[in-house]
Amino acid sequence: MAKDFDHMEDSNRSANPTFDEVSDPARRQWLRGGAAALGALAAPGWLAGCVPVALAPRHAGGPGVPPSQGAAGAAGFRLGFSPVAMAAVDTVAVPAGYRAEVLLRWGDPVGIAGRMPAFRPDAANTAEDQALQAGMHHDGMAYFPLNGARRGLLAINHEYTDEGLLHPDGRAGWSPEKARKSMAAHGVSVIEVARGDDGWRVVRPSRYARRLTATTPMRLSGPAAGHPMMRTAADSTGRRVLGTFNNCANGQTPWGTYLTCEENWAGYFEGPAEPDAHQRRWGIAAGLGGWYRWHEADERFDARLHPNEPNRFGWVVEIDPADPASTPVKRTALGRAAHEGAATALTADGRAVVYMGEDARFEYIYKFVSRQRMRPGGAAANRELLDHGTLYVARFGADGRGQWLPLVHGQGPLTAAHGFADQGQVLIQSRQASDLLGATKMDRPEWTAVDPVTRTVYCTLTNNSARGRPGQPGPDAANPREANTMGQIIRWREDGDLDATTFTWDHLVLAGDPLAERPAARGNVHGDVFGSPDGLWVDPRGVLWVQTDASSSVMGQGDYARLPNNQMLACDPATGEFRRFLVGPRGCEVTGIAMAPDLRSLFVNIQHPGEPPNDESDPADPARHSSWPDGQGRPRSATVVITREDGGPIGS
């Protein structure tokens, strides 16, 4: 996920609405960088799960849902593990009675028959090798059963690359070959996994094994497909695109497909010296492509030559993991953004609803509602379900009420008179459309999750140190803290079914340390302290799992003085207690979460162990900050599987 850095100026400086304000993509490699309006925040009665204790009501007299309709998903459930102590460790620490085993490291072969190159510890694998191996920096993930809880598929995102680790000599002597290897280390892996008497293993070879990279052919669908703003010299139809990258969080559909989200894609394109208003709003500028330098190997990443190519990224991509011959599809009806999560659920009549955050400062929370109902028959029967429907953006009112504003051409200000020629342009320029509608600018919306029983929806707002800076939006009801380094989790309940256009909202928690020096960094966490909430998932019992992603440049100092490493916590649905379940290795982000259907195996991703404060490792000393998971040599992002020693359900 993107980081929030304080020591460089934020570029998004104007108030809502505007067409010209520059986003803060906050891509970790190239961009860094008063009194808090805390209030006493609590939930109305219908938000029964994970309520911080001893909090006064946030507002009185507002509409709500009777508590009986919002009871915790699993009555009487209690977390049964002892919390893990916070420490600056270089391992994955889990509770007593649990074990964590490494399943898939960066560079491990994914299992394509006859094409399984081994990882070379000196990083000398070629670009062709890397295209057959697990990519770098594992992120969002989902489990798809083949044989229940004993055999299945894992789809795993690979967000970005650390060039200092990826090549034997890092960036020295940068070449097209190095750029191609970097492209091959991005994207998605699909692997087959099986559980035997000796634990979980990757099945190799497997007919399902697959790598999708920054050069994999994909299809564009929905209202923006074929639009003039999507056409390029290489694709005059505007319907075919090569690759996906900066794949951050994800979603899993009820019809069995995987949704991977293209987050900070803008940082891969070299922009013009004088970008136009559209390019500025999305952060395309001169020097931007200088980090990855992909444009030196593939001119489509040079927006000076191909100004429409960036418009073909920033989408939610649907993948059928069970069909390795299928073509991934970028679903433009879900809008273009620095996409984070894509939590998917169904209305009572079977229509798909997808909740999405956009992980950038002062950007938005979205919801898509499909026009058609899901049909029986899995992926094959629902190939166009996400191509037709309505995209909405959220406005959070100060009275605890909220509204979903439709991003529909011809409605309200979204007309040709305001620069929107058609629905395709509304979706391509979803930020500008949301600006014009007056949606609420949020503190970096990250993952979304829907409680399968209560239908409460959650979104992590990881942090926003720029809130309240000169020229930037100040605190508001939904984002109540100035210079917000700790983040919060917001939640809402739709007024009726998930397709409703109004809702009641509240904060689940303001993250922070009660002993923090700054008042704005003191949260109201009941239980173990955390900051920068990011990964998020509600399991079938109603347990909310939260993962953190504070930058390695701030961990162990300032507001994070007592938090040297990132972590994962469980929120008890009955008591509201946050209990620390896992502490990750030094310098890592804890991300990606999935469980086998019997809830006895938990899959978690450890991203960028040993990440140095400047975000790129020294190739002369790659293990300086961490040697996880092998204890020597290059640190490697990896998928970990966690089980109980007695074989019981996780967390109970």
Side-chain angles (χ1 to χ4, degrees), residues 90-95 98-112 116-119 121 130 132-159 185 187-206 208-212 247 250 252 258 260 321 535 537 545 547 568 581-585 588-609 626-631 633-645 647 650:
D90 196 30
T91 187
V92 174
V94 293
Y98 286 79
R99 60 173 173 264
E101 300 172 287
V102 175
L103 187 66
L104 183 78
R105 302 164 176 82
W106 155 52
D108 288 346
V110 295
I112 299 172
M116 293 188 283
F119 176 74
Q130 179 61 80
L132 302 169
Q133 299 167 324
M136 190 173 261
H137 291 355
H138 301 34
D139 209 308
M141 170 174 57
Y143 178 90
F144 297 85
L146 294 176
N147 181 20
R150 301 199 67 84
R151 196 176 193 91
L153 304 178
L154 281 177
I156 303 168
N157 287 350
H158 303 294
E159 185 182 9
V188 178
S189 292
V190 178
I191 61 170
E192 182 178 353
V193 294
R195 184 174 187 176
D197 294 339
D198 57 348
W200 286 91
R201 64 180 178 86
V202 179
V203 177
R204 299 186 182 97
S206 168
Y208 300 104
R210 188 179 189 186
R211 275 302 320 280
L212 300 103
N247 302 85
N250 63 290
Q252 185 171 9
Y258 184 67
T260 183
W537 182 61
W545 297 87
Q547 300 167 317
M568 184 170 78
F581 180 82
L582 179 152
V583 174
C588 85
E589 171 190 345
V590 180
T591 184
I593 183 168
M595 278 193 187
D598 63 0
L599 306 184
R600 297 172 189 270
S601 300
L602 171 66
F603 302 92
V604 174
N605 281 328
I606 301 298
Q607 186 184 108
H608 62 69
S626 174
S627 58
W628 189 87
D630 299 321
R634 282 170 161 71
R636 298 164 68 185
S637 297
T639 301
V640 173
V641 59
I642 300 167
T643 53
R644 268 175 49 168
E645 291 175 355
I650 301 294

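Just so it is clear, the structure is predicted and the values come from calculations on it, not from any experiment. For this chain, numbers begin at 1 and follow the sequence in order. Scope of the values below: all heavy atoms of this structure, side chains included, with no hydrogens, waters or symmetry mates.
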message: Could you go through L153 and I191, starting from their C-alpha distance and side-chain angles, then the distance that decides it, and tell me whether this counts as side chain to side chain contact (heavy atoms under 4.5 Å, CB included)?
response: CA-CA 6 Å; L153 304 178; I191 61 170; over 6 Å; no
- prompt: How far apart are the C-alpha atoms of L602 and Y98, what are their side-chain angles, what is the distance that settles it, and do they pass the side chain to side chain contact (heavy atoms under 4.5 Å, CB included) test?
  reply: CA-CA 11 Å; L602 171 66; Y98 286 79; over 6 Å; no
field: Residue pair V604, Q547: steps toward the side chain to side chain contact (heavy atoms under 4.5 Å, CB included) verdict
entry: CA-CA 10 Å; V604 174; Q547 300 167 317; 3.9 Å; yes
field: side chain to side chain contact (heavy atoms under 4.5 Å, CB included) evaluation trace for L154 with L103
entry: CA-CA 11 Å; L154 281 177; L103 187 66; 3.9 Å; yes
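Taking both residues in full, the closest heavy atoms of P321 and V190 are given as O-CG1, 4.0 Å, listed atom of the first, atom of the second, then distance. Between G584 and L582, the closest heavy-atom pair is N-CD2, 3.8 Å. The nearest pair of heavy atoms linking A149 to P597 is CA-CD, 3.7 Å. Closest approach of P609 and P585 over heavy atoms only: CB-CB, 4.4 Å. Scanning both residues, W200 and A596, for their nearest heavy atoms gives CZ2-CB, 4.5 Å. Nearest heavy-atom pair across A155 and F144 is CB-CE1, 4.1 Å.
Between L132 and V110, every side-chain heavy-atom pair lies at or beyond the 4.5 Å cut-off. Residues V193 and R151 have side chains not in contact (no heavy-atom distance under 4.5 Å, counting atoms from C-beta outward). Proximity of W545 to I650: side-chain heavy atoms (C-beta onward) are separated by under 4.5 Å at one or more points. Contact check for D139 versus N247: no side-chain heavy atoms found under the 4.5 Å cut-off. Looking at V188 and Y258, their side chains come closer than 4.5 Å, going by heavy atoms from C-beta outward. Within the 4.5 Å cutoff, no side-chain heavy atoms of I642 are placed close to those of R99. The shortest distance between side-chain heavy atoms of F603 and I593 does not fall below 4.5 Å. Inter-residue side-chain proximity for P629 and R105 is flagged as met; some heavy-atom pair is nearer than 4.5 Å.
Note: S637 OG to I156 CD1 = 11.0 Å, rounded to the nearest 0.5 Å.
There is no side-chain donor-acceptor pair under 3.5 Å between N605 and T591. In this structure, a donor-acceptor pair under 3.5 Å is present between the side chains of R195 and S601.
When atom types are taken as modelled, the side chain of S626 and the backbone of W628 share a donor-acceptor pair closer than 3.5 angstrom. Looking at N250, its side chain does come within 3.5 Å of a backbone N or O of M141 through a donor-acceptor pair. A donor-acceptor pair under 3.5 Å is absent between the side-chain atoms of R211 and the main chain of A134, judged by distance alone. Q133 places a side-chain N or O within 3.5 Å of a backbone atom of P117 that can act as its donor or acceptor partner. Side-chain atoms of E101 do not come within 3.5 Å of backbone N or O of G199 as any donor-acceptor pair.
Considering Q607, M136, H138, H137 as possible partners of H158, the one that fulfils the side-chain contact (heavy atoms from CB on, under 4.5 Å) test is H138.
The pair R150-D598 fails the salt-bridge criterion, with no side-chain N (NZ, NE, NH1 or NH2) lying under 4.0 Å from an Asp/Glu carboxylate O.
F119 carries R636 over the face of its six-membered ring, with the cationic atom under 6.0 Å from the centre and within 45° of the normal.
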